[in-house]
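Worksheet: the structure to be examined is printed underneath.
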Amino acid sequence: MATVIVVTSGKGGVGKTTTSASFATGLAQRGYRTVVIDFDVGLRNLDLIMGCERRVVYDFINIINGEANLNQALIRDKRVESLYILPASQTRDKEALTKEGVERVLNDLKQSFEYIVCDSPAGIERGALMALYFADEALVVTNPEVSSVRDSDRILGILASRSRRAEQGEPPVKEHLVLARYAPERADRGDMLSVEDVLEILGIPLLGVIPESQNVLQSSNAGVPVILEDGSDAGAAYGDLVDRFLGKNLPHRFITSQKKGFLKRLFGGS
Amino acid sequence: MGLFDNFFGTSTNKSAALAKERLQIIVAHERGGRRGSGPDYLPALKKELLEVVRKYVPVDQSQIKVHLDREGGYEILELNITLPDEEPRSGRS
């Protein structure tokens with residue numbers, strides 16, 4: 001039975017697409033047939049982050065409207081086997097995303113995939129609501145910053161009231177916190193919300209902490225999901241996150257600051 | 001100042017605590033709003049109460065306010081009816 005996972009946040013720019021790309025890639029790396037869908041109609045970017053922007057021919061809306069079939073629109077990842085990308089439409093408006101259409105496409109995908117990752121757009125409008133409506137589980141991407149935490153709480157409210165599971169009285173969407181762009185030194189110094197602070201406010205289980213890292217920008221420049229970057233903190237953190245999602249019990253890394261030596265404090269800056 | 005703070009590993013800047021406090025307040029408020037905007041029976045309750053009151057006093061739809069609040073372990077149902085200043089006797093008693 002396929003599992004539908006939405007990657008959502010409310011606020012923009014917190015790392016939804018980065019997380020979707022690495023999470024889906026990680027699941028596929030571990031042998032699961034995985035598809036990642038871009039729900040950001042009009043502002044698609046997952047294709048760029050995945051490095052397949054020049055291979056987009058048909059998109060999600062084309063399939064909903066019956067202008068193409070799934071096999072024509074799905075882009076097969078060239079690095080990881082059993083990973084497919086379904087891009088959003090760049091030209092249509094988000095009204096084209098109908099509940100019936102989305103449901104039909106998801107049901108078709110469930111025939112051939114084990115995990116369906118839905119990359120939500122920012123905001124709480126149609127695209128975002130459609131991305132979360134059919135979800136079984138949710139990765140709520142949050143930055144340790146007031147507006148992001150507040151928006152995440154709002155999204156949790158919507159998951160609990162406006163998802164299909166909520167409307168049909170089924171068991172609720174399983175929520176996971178992904179705390180991204182975390183800087184342990186700043187949290188230690190008291191000028192950034194700590195992991196514990198965010199957990200206390202949002203009250204959902206922590207799936208992973210992704211450290212603020214230069215590798216994220218570098219890998220997006222190159223169109224390679226950061227999880228594939230060997231030796232990067234953020235990539236390793238995403239690897240742990242995927243393993244935890246699949247049931248491994250791993251301790252959280254990258255949540256405590258490296259002790260700095262005397263000279264580094266003096267010259268190394270913060 | 002920056003170098004000084006950095007060197008001794010101390011900082012007077014504890015803005016995270018302030019952020020947490022502000023968030024806890026606003027998030028609690030917004031969650032309250034989500035649920036407090038109503039158990040499903042609230043609109044019906046309001047309508048029926050209004051009908052009962054109208055049997056005796058002519059009040060307008062806008063003159064009745066039903067408010068549900070949570071405090072500690074209690075839920076407070078507040079009912080506020082503004083009676084008209086001078087009742088023109090409506091004949092019905």
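Protein chains get the first letters and strands the later ones, always in sequence-line order, with residue 1 at the start of each. These values consider heavy atoms only, across backbone and side chains, with no hydrogens, waters or symmetry-generated copies. The structure presented is a predicted model; accordingly, all values stated were derived computationally and were not measured.
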Query raised in the report: Got B:Leu23 and A:Leu193 here, is their nearest side-chain heavy-atom distance under 4.5 Å?
Result: yes

Just checking [X]: does its [atom1] atom have more than 12 heavy atoms from other residues, nucleotides or ligands closer to it than 6.0 angstrom?
X: A:Arg126; atom1: CZ; value: yes
X: A:Glu167; atom1: CD; value: yes
X: A:Glu125; atom1: CD; value: no

Query raised in the report: Can you list the steps and then say if A:Arg189 with B:Lys14 is a side-chain contact (heavy atoms from CB on, under 4.5 Å)?
Result: CA-CA 7 Å; A:Arg189 260 187 276 138; B:Lys14 293 270 186 278; over 6 Å; no

Query - From CD (B:Glu21) to CD1 (A:Ile201), nearest 0.5 Å - result: 10.5 Å

Report task. Drop me the distance from A:Leu156's CG to B:Arg31's CZ, to the nearest 0.5 angstrom. Result -> 7.5 Å

